[in-house]
Every structure is written in structure tokens, then in C-alpha cells.
Amino acid sequence: MRQHDKLFIGGEWVAPAGTATIDVISPHTEEVVGRVPDGTPEDVERAVAAARQAFDHGPWPRMTFAERAEVISRLAAIYNERQGEMAQLITEEMGSPITFSNLAQAPQPLGMLQFYAELGKTFQQEEERPGLFGPLTVRREPVGVVAAVVPWNVPQFVTMTKLAPALLAGCTVVLKPAPETPLDAYLLAEWAVEAGLPAGVLNIVPAGRETGEHLVSHAGVDKVAFTGSTAAGRRIAAICGEQLKRVSLELGGKSAAIILDDADLAAGMGFLSMASLMNNGQACVAQTRILASRNRYDEVVDAIANMVGSQPVGDPADPATGIGPLVAKRQQERVEGYIRIGMEEGAKIVVGGLDRPYDRGWYVAPTVFAGVSNDMRIAREEIFGPVLAVIPYDDEADAVRIANDSDYGLAGTVWTADTDHGMEVARQVRTGTYGVNCYMLETNAPFGGYKASGIGRELGPEGLNGYLEYKTIARLG
């Protein structure tokens, strides 16, 4: 068992203020695989103080972008050498299939470090512009101390969407991992020390919601970067609004995959499988609403059912596994609750249902509903599990209308033989990221959502802006 009895604060491993601990439980075996301290408000106070000291008086924000990029490059090199270890650890603590962990859980965070390290080599802190009465200097400065609050589903991916640009900007960070997945953050802390990150630049306090709210509302925090549920995002936005504190929110999704009549179903199912079922369906960008024309509806339902039904369900450490367990018993119960809701609403289960694949582990049978209308709860609310709803549409305009008829706007796809026409559809759907015959997140392009899917953008050069303040200096003579 991986056991940690310290917190990472001020560049040191320090004893926590309290005695409570967090047990990390394997979703596959239901056995304890790790234990860490349960952070308290007193621990948050120490972490914010360390980050404040490092920002107000330490070397990190006073380095050039290129100097900080060199440290980030060293961290990326360590990450690159040991990314397999990180992938295995995430699979162990939250049940992500090892194939997905090796594909995304570790490589994508590494890619973010590499991207921002490269960006920092040429990024200019100041630029000159002509003004009406004299020259202007536009200066970019770090926003300050950042509270990074991350979820359990893709813990390193989400951590790095915040940490990598914050580090390049010159910010200092207090990271609060989710209590389900704190172990990967401890490994990251070891690598940060090895890379030479100055003391206090990164501080880590695993904790639950109450301590997390103390961090978010702390007067010493200049910006909050949060990924999680829309409900929690609303609460955080309210706190930050009261304090006029900078905030970025990456929240929920209920993304639609529009399958046009000319789509090659056989060719698309492999890509759509990843887009809709990645990480056991525990992905905010998952394409969980499948939109099919009435002309091909039965054919699409059959294809989706075959795709989902053929997924090997089992041990996430087995490379043959396509769908592993959900992260916790409460998540298993939540997803099963939505399956019951779908049945009560009159939708038809064509594969899956309430029969659990195994007696042990927090498994749910991958499920497909047909006969779904877009006003049903299973079509409107984020389930966060391997449950897909196939919704009929009349024509292309109706498909776009249904795709946009959602409180969310995080992701989406269109599947068609005509890529150019697919681009026309993509431009009509109000969502932050979109794919034509694919879905992927690129480290060099912005990621975020419309509507209730969030505020702000992460990744790409745009992701750096959220950690910078812009100062204009005018002068005469």
C-alpha cells in the first residue's frame, strides 16, 4: 500500500495539522491501496502562506519566462522518463483502463509541460506599442497565488491544464487533489523537487469539500482554477465574485455526436467508441448523446449497441479491458440511478442495464438507450458513466437544434463522408471544442465551454492568459 503521512508545503514534507486520513480505495478490488493525510483549514493556511511568501519574496515570479521555461523543461524530462509509472498509478487509484492511462492520463500532461516550456522560450514579458500621445509599454505579470482544485477522473491532465501555464506565468500554486485520487499528486511533488522548482511554488493539500472551500475563499489566493461539477462551479464563482477574485471554471458537459446520413458507420465506430466511452464514461467531454436521423435510426442503434456491447469489461490493469469500474460506490449508485430514470422515462435499453458485470468492484454494465427524446433527464443531465442515449432527428437543421438544446456546451462531433460539410455543421454548434469524424484535445489550442460548461479557456497560448495580469505603462518624452 502507498502510504504518505506528510503534506508538501513550502518545498518540504511537513506533518499535517490534524490526524484524520484519506483512504484511497481501488475501484476494482474495493481494497485500500493508499493513505494520505486529510488536509485541514490549518494546513491550507500554511500552504497559502508558503505560496504567498514564494510569490511576494521568492525568485520564481522574478525570473524571465525563458528561465522558468528551463525549469519546466526539466520537469517535463523527468515526467517523460517516468510517465509509465504515473499511468499505472492513476489506473490503480481511480480505475482508468491502463490503455487509456498510457494514451492520455500521463502523456497529455507531459505534452502540456512540453508545450508551455517551448512557449516560454520566446514569450515576451513586455511589448512596445504606439500611443496617441507617446509610446506605450504593455507588460505581462503573473496573477499571483493560484488555488488549483482538480477532480478525480483525469487528475494529472486537469492538474497540468492549470499548473503548467501558472508556472510559466510566474505564479505560485496550492493544489488540492480530489480525495479519491491524491496519490498522483504526491508523485508529481517528488518530480518537482527533483526538477529544482523553488520552495513554495507548488504546495499540495489533499482534502475534501469543506477544506477546499476554505482554500477557494482564502484572502491570500489571487485566482481560483477549478474543474468539476457545474453545481460546485456555481458555488466557487459566487465566492470569487464576492471577492472580485480571478476565476476559471471547466465544468460539465452533455455533448452530442451528430451522425449524418452519409456517415460510414463501420469506419466511425472505433473513433466514436473512444469519444463516447473514454475513461469508463467518466469524462466531461464524452459524446453521450448520439443523434441519428430517422432514416437510419435503427441502423445506428444497432451499430452503437454492437460497439458498446463488444467492449471488454474488467480489471483496469489488463490491457485487454475497454471498460473498467467507476471511481467509487457512490458513482456506481449514481449511474445505476440514471439507468432506472431512463427506464421510467420510457426509453428502451438495447444493451446493458442494471445487471452488474461483477459482484466485486464498482462496475456498471455499459448501457445504450434507444427511443430517447431530448427532454428526458438521461439526455439533459450529465451521468458521468458508460451510458449512451440515441436520439432521433428529422433533418440536419433539427440535429443542430437538438445538439444546441442543452444547458452545456463543452464538446461535440459530427460524423460524415464530407469533411467540408462537417466543418459547416461544426460552425453551427455552440460548444468549446468540436471534432469532424474524430474527437481530440490539442495542447496548442484552447479548451473550455460555452454556457454552463464553464468560464475561460485552458491549453494553448490562450491558456496562459488566465494566469497573467496586463499592465499598460504610458510615458511622455
*Pairs involving residues 199-208, ordered by first then second residue, that meet salt bridge (Lys or Arg N to Asp or Glu O under 4.0 Å) (sequence neighbours left out)*: none
*Give a yes or no on whether the backbone of Pro142 and the side-chain of Glu469 come within a donor-acceptor separation of less than 3.5 Å.*
no
*asked:* Nearest 0.5 Å, please: how far is CE in Met440 from OG1 in Thr433?
replied: 11.5 Å
*Any idea which heavy atoms bring Gln114 and Ala76 closest together, and the distance?*
CG-CB, 4.0 Å
*Who are the side chain to side chain donor-acceptor pair (under 3.5 Å) partners of Arg52, not counting sequence neighbours?*
Asp56, Asp222
_N/O donor-acceptor pair under 3.5 Å between Gln331 side chain and Ala328 backbone_ = no
*Would you mind reporting whether Gln243 and Ser217 have side-chain heavy atoms less than 4.5 Å apart?*
yes
*Could you pull out the closest heavy-atom pair between Ser26 and Val33, with the gap in Å?*
CB-CG1, 3.7 Å
*Within the distance-only criterion (no hydrogens, no angle test), does the side chain of Ser255 pair as donor or acceptor with the backbone N or O of Gln287 below 3.5 angstrom?*
no
Side chains of residues 304-327: which donor-acceptor pairs under 3.5 Å do they make with residues two or more places apart or in other chains?
from, atom 1, to, atom 2, distance (Å)
Asn306, ND2, Asp302, O, 3.2
Ser310, OG, Asn306, O, 3.0
Ser310, OG, Met307, O, 3.0
Gln311, NE2, Ser273, OG, 2.9
Asp315, OD1, Ala317, N, 2.9
Asp318, OD1, Ala320, N, 2.9
Thr321, OG1, Asp315, O, 2.6

_Using 30° and 60° as the class boundaries, would you call the ring planes of His4 and Trp13 parallel, tilted or perpendicular?_
parallel
*By side chain to side chain donor-acceptor pair (under 3.5 Å), which residues pair with Glu30, not counting sequence neighbours?*
none
*Taking atom CD of Glu141 as the centre, report whether more than 12 heavy atoms of other residues, nucleotides or ligands fall under 6.0 Å from it.*
yes
*Would you call Glu333 and Arg330 a salt bridge, taking side-chain N to carboxylate O under 4.0 Å as the test?*
no
_Flag for Thr443-Tyr116: side-chain donor and acceptor within less than 3.5 Å_ = no
*So, does Thr230 use its side chain to make a donor-acceptor pair with the main chain of Ala452 at under 3.5 Å?*
yes
_For Glu92, give me all partners under side chain to side chain donor-acceptor pair (under 3.5 Å), at least two apart in sequence or on another chain._
Arg2
*With distance as the sole test, does Lys254 use its side chain to make a donor-acceptor pair with the main-chain N or O of Glu381 at under 3.5 Å?*
yes
*Any salt bridge (Lys or Arg N to Asp or Glu O under 4.0 Å) involving residues 68-77? Give me the pairs, sequence neighbours left out, ordered by first then second residue.*
none
*If you measure only the distance, is there a donor-acceptor pair under 3.5 Å linking the side chains of Ser406 and Lys451?*
no
*Donor-acceptor under 3.5 Å (Arg62 side chain, Phe55 main chain)*: yes
*Heavy-atom side-chain proximity of Glu93 to Trp152 below 4.5 angstrom*: no
